[in-house]
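Worksheet: the structure to be examined is printed underneath.
For ligands, and for the atoms within them, numbers begin at 1 and follow the listed sequence.
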Amino acid sequence: MWAELLPIGRSSASGGYRRYAWTGADSECREWFKEQAEARGLVYEVDRNGNQWAWLGDTAAGDAVVTGSHLDSVPDGGAFDGPLGVVSSFAALDELRRRDAHFTKPLAIVNFGDEEGARFGLACVGSRLASGQLGIEQAHLLTDGDGVTLPRAMEAAGYDPDAIGPDPERLARIGAFVELHVEQGRALDLSGDRVGVASAIWPHGRWRFDFRGEANHAGTTRLVDRRDPMLSYAETVLAARREAELAGAVATFGKISVEPNGVNAIPSLVRGWLDSRAEDQATLDAVVGGIEKAAREYADAHDIALDVVRESFTPVVEFDHALRDELTRILGKDTDLKVPVLGTGAGHDAGILSGHIPTAMLFVRNPTGVSHSPAEFAAEDDCLAGGLALADVLEGLACT
Ligand code: HGY
Ligand code: MN
Ligand code: MN
């Protein structure tokens with residue numbers, strides 16, 4: 001499965017993946033998913049929001065056990081974030097069939113669409129739509145950097161954008177969702193464990209800062225006459241680092257767009273996107289509030305107009321305790337596998353769904369902790385341990 005997925009959407013220049021929602025690379029990944037489902041005799045379907053499902057057993061029976069993740073990527077992402085969960089899901093099913101497991105509940109494998117939000121700026125679009133956390137009107141307004149709206153992009157990829165919206169009947173058929181994911185930090189490496197169980201996801205969000213000044217000639221405009229928004233932006237980046245450090249949080253300006261974007265022109269607009277996350281809501285509010293306050297002071301000092309827009313927000317997620325304990329019990333039963341319980345600053349579809357159905361996550365060790373980069377890695381032994389752990393969990397949940 002890895003060998004088939006590895007070339008899809010890989011940039012030869014960076015070695016990273018560019019699998020953005022509803023593009024050709026995404027379609028190839030989706031085609032691969034469909035082939036995997038069909039090769040195993042599973043019932044394949046695409047839901048109203050473009051999420052792909054592969055079912056074993058009666059799709060309508062209810063109390064289904066669902067596993068899976070996503071196949072899209074951030075710009076120049078790694079091979080594991082998302083695909084490890086989908087590949088492991090199919091591999092876990094193969095393992096359960098090898099064990100002759102007797103399923104007493106339906107099982108489904110899912111590929112959620114547009115988890116990373118790399119193209120339209122909002123993460124977890126597929127699961128947000130399904131759970132009603134993203135409204136249809138809001139979704140129709142999502143636009144990529146080239147001005148293509150989400151509905152037009154879905155249509156171009158062969159999906160019906162008029163169908164998108166909440167899918168409560170589908171969610172009601174699910175008794176538990178378990179997502180396996182490469183760890184995006186080094187906790188397992190430091191504790192010396194191959195696999196962990198998630199406790200919580202930090203609250204996180206994305207804010208757009210628009211600094212507007214005045215375009216002018218870079219050679220002839222005296223420094224004192226300039227209204228250069230790049231200065232206020234740069235000061236704000238430093239403020240973000242400072243605020244995050246003081247609060248024990250994280251804050252990142254990882255994307256920027258400049259107009260007119262000429263080497264010899266003072267910018268008229270600098271648009272920077274802030275991603276910030278913290279252990280609790282009050283800390284996150286304080287960090288983002290502090291960054292915005294500093295940005296306004298810097299902007300005022302340079303006669304720059306500033307607009308700050310919150311583009312997305314995901315509150316803290318505390319995964320279902322009973323399901324988490326069940327996973328720990330299953331994994332500890334016949335082996336001496338020690339399974340630490342860890343929190344994470346990364347967002348996931350499992351987090352979005354956790355407000356609607358019991359969800360849990362398994363993490364697989366990442367020796368460097370690097371993620372959202374071509375250097376993201378997990379060793380084969382650890383991936384196999386993750387796949388077997390997922391098989392044990394699915395057997396415990398769906399075969400009892
Ligand atoms: O950005 C995130 O937290 C995630 O990896 N989608
Ligand atoms: Mn990711
Ligand atoms: Mn992911």
Side-chain angles (χ1 to χ4, degrees), residues 5 9 16-21 25-26 29 33 51-52 67-89 109-129 133-134 177-185 187 196 198 200-207 244 249-255 273-279 284 310-317 319 342-354 359-366 368-378 383 386 390:
L5 273 176
Y17 289 92
R18 298 173 183 177
R19 295 168 176 163
Y20 312 137
D26 190 38
C29 288
F33 183 95
N51 305 308
Q52 295 178 294
T67 185
S69 191
H70 62 96
L71 293 172
D72 68 316
S73 79
V74 296
D76 287 330
F80 297 82
D81 177 356
L84 183 63
V86 180
V87 167
S88 299
S89 298
I109 297 172
V110 61
N111 167 33
F112 281 109
D114 199 1
E115 194 274 350
E116 295 289 7
R119 182 166 177 192
F120 297 101
L122 177 67
C124 300
V125 169
S127 56
R128 277 186 210 271
L129 277 168
Q133 288 177 48
L134 170 62
F177 175 60
V178 181
E179 180 172 359
L180 177 146
H181 206 279
V182 66
E183 198 201 343
Q184 296 170 293
I201 298 179
W202 283 16
H204 55 282
R206 299 177 182 187
W207 291 260
V250 288
T252 309
F253 277 96
K255 178 173 166 179
W273 281 265
L274 169 71
D275 177 312
S276 188
R277 312 181 189 212
E279 199 163 359
L284 183 58
R310 190 177 86 174
E311 290 198 333
S312 74
F313 182 72
T314 310
V316 67
V317 169
F319 285 110
L342 346 154
T344 176
H348 301 281
D349 295 305
I352 300 296
L353 295 178
S354 71
T359 62
M361 291 192 74
L362 289 175
F363 291 129
V364 171
R365 175 162 59 185
N366 173 342
T368 61
V370 172
S371 185
H372 286 186
S373 145
E376 183 180 85
F377 182 68
C383 293
L390 182 61

For Asp81 and His372, run side chain to side chain donor-acceptor pair (under 3.5 Å): C-alpha distance rounded to whole Å, both residues' side-chain angles, the deciding distance at 0.1 Å, then the answer.
-> CA-CA 7 Å; Asp81 177 356; His372 286 186; 2.9 Å; yes

Any heavy atom of His204 under 4.0 Å from ligand 1? The part involved is neither

Cys383 and Phe80 have their tightest heavy-atom pair at SG-CE2, 4.1 Å

- Message: Taking the six-membered ring for Trp, are Phe177 and Phe319 closer than 6.0 Å centroid to centroid?
- Response: no

Problem - Note: Arg119-Asp114 ion pair, threshold 4.0 Å (strictly below) - result: no

Going by distance only, is there an N or O of Glu115 that falls short of 3.5 Å from an N or O of ligand 1? yes

Sorted by chain and number, protein N/O/S atoms nearer to the Mn ion (ligand 3) than 2.8 Å are His70 NE2, Asp81 OD1, His181 NE2

Among non-hydrogen protein atoms, atom 4 (C) of ligand 1 lies closest to Gly347 O, 3.2 Å

The residue among Val125, Ile352, Thr314 that forms side chain to side chain contact (heavy atoms under 4.5 Å, CB included) with Gln133 is Ile352

Query - Heavy-atom side-chain contact between Phe33 and Val110 under 4.5 Å - result: no

Counting only heavy atoms not in Glu279 (residues, nucleotides, ligands), do more than 12 fall under 6.0 Å from its CD?
no

Between the CZ atom in Arg277 and the CZ atom in Arg206, the distance rounded to the nearest 0.5 Å is 7.0 Å

Checking heavy atoms under 4.0 Å, the part of Arg277 that sits near ligand 1 is side chain

- prompt: Purely on distance, is any nitrogen or oxygen of Ala346 under 3.5 Å from one on ligand 1?
  reply: no

Per-atom filter on ligand 1: closer than 4.0 angstrom to a heavy atom of Glu116 are 4 (C), 5 (O), 6 (N)

- Does some side-chain heavy atom of Leu122 sit less than 4.5 Å from a side-chain heavy atom of Glu311? no

- prompt: Is His372 in contact with ligand 1, taking contact as a heavy-atom separation below 4.0 Å?
  reply: yes

